[in-house]
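What follows is one structure encoded as structure tokens, with my remarks underneath.
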Amino acid sequence: MLCITKLVAFGQNDPQFTNYMFYKMGVNPGYAGAENTINGLILNRYQWEGMPGGPKKLVFSMDAATNLLGRSTGLGLNIISDQLGYAKNIIINANYAYRTELSFGSLGIGVSAGFYSQTSNGTWESPEGNQWTPPSSDPGIPQGEVSQLVPDFGAGIYLSSSRYYLGISATHLNEASIYYDEIPISYLVRHYYFTGGYNIKLGNPLFELRPSFLFKSDIATWMLDLNSNIVYNDKFWAGLSYRVDDAVALLLGIELASGLKVGYSFDLVTSAIGYYGYGSHELFVTYSVALERNRNQKYKSIRFL
């Protein structure tokens, strides 16, 4: 008696970022407008630098506190380019958050709606740098360049004050499927996020410690980032981050001008792929304009109070 079992897995994972504490709206629409400012962010991540076809991610994000119909709200926009080997994904979503003040902080309840585009090229690239075209006998592998656009939705709750923040959210609520010639080649797995951070005043008033965490799961697997940044004089920060069973990272940053900040991180890979010596680089720039203050006044984000 012969029994053959076939198991197929083709889930699509969300991009990961070491500087997640500076890009909360990437996973939680409830964050939109949380800082009562207009914020802009550009983030570039080169994962496993040096590996042919390694992941490359580029993010443009902005959000602002608004007052629509007399209600405190937040609006935001995310545009993400995520390239991995033969596949390139573009994520565009608009974010809306209803905001209300509580005795212990500011609460944002948000939703996101947009599109997820996946483009696949039939020419694959191996880690050794060789290109090859997969056999046409497998109908699930595109032979040329194909692309598809699917709707994508998310939701989240974000609670914050000058001392702490907590957030819980989910992305890809509708778990849209991506097809090639009417054959599903991948689908957007629903991801759940839980994140938080706290600001700890040290003995010297010029220094502050800011530990944070980000937990992500698609139910089948999970990932946990633990981070601690120390900030000096509200202008300079440095920290360490640990992604369980994956990487250890060094983070650095500086405020160049009022509201303008630049940050960098380097991931030293500790997983099996680190055997090949690959590391990951991440660089971001943010600019924030306080809505209720003069532009020439010094701006203080709730990230760096």
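In what follows, residues are counted from 1 in the order of the sequence shown.
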### Task
Please test Thr195 against Leu166 for side-chain contact (heavy atoms from CB on, under 4.5 Å), starting from the C-alpha separation and ending with a verdict.
CA-CA 6 Å; Thr195 185; Leu166 285 172; over 6 Å; no
### Task
Dump the intermediate steps for side-chain contact (heavy atoms from CB on, under 4.5 Å) on Lys88 and Lys56, then the final yes or no.
CA-CA 9 Å; Lys88 182 176 182 179; Lys56 297 177 182 178; over 6 Å; no
### Task
Kindly indicate, with the supporting measurements, whether the criterion side chain to side chain donor-acceptor pair (under 3.5 Å) is fulfilled by Tyr116 and Asn89.
CA-CA 7 Å; Tyr116 190 106; Asn89 307 315; 3.2 Å; yes
### Query
Under the side-chain contact (heavy atoms from CB on, under 4.5 Å) criterion, do Ser117 and Thr119 qualify, and how do the steps go?
CA-CA 7 Å; Ser117 171; Thr119 300; 4.3 Å; yes
### Message
Between Val285 and Tyr287, is the side-chain contact (heavy atoms from CB on, under 4.5 Å) condition met? List the steps.
### Response
CA-CA 7 Å; Val285 178; Tyr287 185 61; 5.9 Å; no
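Pairing each heavy atom of Gly279 with each of Phe266, the nearest pair is CA-CE1, 4.1 Å. Closest of all the heavy-atom pairs between Leu240 and Leu250 is CD2-CD1, 4.2 Å. Annotation for Asp246 and Gln16: closest pair OD2-NE2, 3.9 Å, computed over non-hydrogen atoms. The shortest non-hydrogen separation linking Ser61 to Met25 is OG-CE, 3.2 Å. What you find for Leu251 and Ser241 is that their closest heavy atoms are CD1-CB, 3.7 Å. Residues Asn95 and Ala32 come closest through the heavy atom pair CB-CB, 4.5 Å.
Interatomic distance, Asn174 CG to Leu188 CG, rounded to the nearest 0.5 Å: 7.0 Å. The distance from atom CG of Asp14 to atom CD1 of Ile91, rounded to the nearest 0.5 Å, is 6.5 Å. Asp218 CG to Met223 CE: the interatomic distance, rounded to the nearest 0.5 Å, is 9.5 Å. Between atom CD of residue Glu175 and atom NE2 of residue His191 there is a gap of 10.0 Å, rounded to the nearest 0.5 Å. To the nearest 0.5 Å, the span separating OG1 on Thr66 from CG on Leu68 amounts to 4.0 Å. Ile168 CD1 to Tyr192 OH: the interatomic distance, rounded to the nearest 0.5 Å, is 10.0 Å.
Counting only residues at least two apart or in different chains, ring-ring contact (aromatic ring centres under 6.0 Å, His included) contacts with residues 200-219 comprise Phe194-Phe213, Phe207-Tyr232.
Every residue meeting the side chain to side chain donor-acceptor pair (under 3.5 Å) condition with Ser265, not counting sequence neighbours, appears here in chain and number order: Asn19. Contacts of Ser212 classified as side chain to side chain contact (heavy atoms under 4.5 Å, CB included), with partners at least two apart in sequence or in another chain: Tyr20, Met21, Tyr165, Asn227. Partners of Asn44 according to the side chain to side chain donor-acceptor pair (under 3.5 Å) rule, which considers only residues two or more places apart in sequence or in another chain, are Tyr46. Checked against side chain to side chain contact (heavy atoms under 4.5 Å, CB included), Ala94 has no partners two or more places apart in sequence or in another chain. When the side chain to side chain contact (heavy atoms under 4.5 Å, CB included) test is applied to Phe17, the partners found at least two apart in sequence or on another chain are Pro15, Tyr23, Leu43, Arg45, Lys57, Val59, Glu282. Not a single side chain to side chain donor-acceptor pair (under 3.5 Å) links Tyr198 to another residue, sequence neighbours left out. Residues satisfying the salt bridge (charged side-chain N to carboxylate O under 4.0 Å, His left out) criterion with Arg99, sequence neighbours excluded, are absent altogether. Listed by chain and residue number, nothing satisfies the salt bridge (charged side-chain N to carboxylate O under 4.0 Å, His left out) test with Asp152 (two or more places apart in sequence, or in another chain). Tyr193 meets the ring-ring contact (aromatic ring centres under 6.0 Å, His included) test with no other residue; sequence neighbours excluded. With sequence neighbours left out, the side chain to side chain donor-acceptor pair (under 3.5 Å) criterion links Ser112 to no other residue.
Other members of the cluster containing Phe115 are Leu149, with ILVMFWY side chains joined at under 4.5 Å, either directly or via other members.
Of the possible donor and acceptor atoms, none in the side chain of Glu255 sits under 3.5 Å from a partner among the backbone N and O of Lys261. With hydrogens and angles disregarded, a donor-acceptor distance shorter than 3.5 Å links the side chain of Asn28 to the backbone of Gly30. A donor-acceptor pair under 3.5 Å is absent between the side-chain atoms of Ser169 and the main chain of Gly156, judged by distance alone.
At a threshold of 4.0 Å, the pair Lys24-Glu35 does not count as salt-bridged, since none of the basic side-chain nitrogens sits closer than that to a carboxylate oxygen. The existence of a salt bridge linking Arg243 and Asp267 is confirmed by a sub-4.0 Å separation between a basic side-chain nitrogen and an acidic carboxylate oxygen.
Under the 4.5 Å side-chain criterion, counting only non-hydrogen atoms from C-beta, Leu283 is in contact with Val262. Counting heavy atoms from C-beta outward, Ser280 and Trp48 have side chains that approach closer than 4.5 Å. Contact check for Asn229 versus Leu209: no side-chain heavy atoms found under the 4.5 Å cut-off.
Leu206 and Leu202 end up in the same hydrophobic cluster when Ile, Leu, Val, Met, Phe, Trp and Tyr side chains are linked at under 4.5 Å. Note on Tyr98: it does not cluster hydrophobically with Ile157, by side-chain heavy-atom contacts below 4.5 Å among ILVMFWY residues. Under a hydrophobic-cluster definition in which Ile, Leu, Val, Met, Phe, Trp and Tyr are linked whenever side-chain heavy atoms come within less than 4.5 Å, directly or via other members, Leu252 and Leu226 are assigned to different clusters. No path of Ile, Leu, Val, Met, Phe, Trp and Tyr side chains, each step under 4.5 Å between heavy atoms, connects Val27 with Ile219, placing them in separate hydrophobic clusters. Under the 4.5 Å side-chain heavy-atom criterion for grouping Ile, Leu, Val, Met, Phe, Trp and Tyr, Ile92 is connected to Met62 within one hydrophobic cluster.
Under the ring pair (Phe, Tyr, Trp, His ring centres under 6.0 Å) test applied with Phe284, the options Phe60, Phe22, Tyr264 reduce to a single match, Phe22. When each of Thr37, Asn78, Asn39 is tested with Asp63 by the rule side chain to side chain donor-acceptor pair (under 3.5 Å), just one qualifies, namely Asn39.
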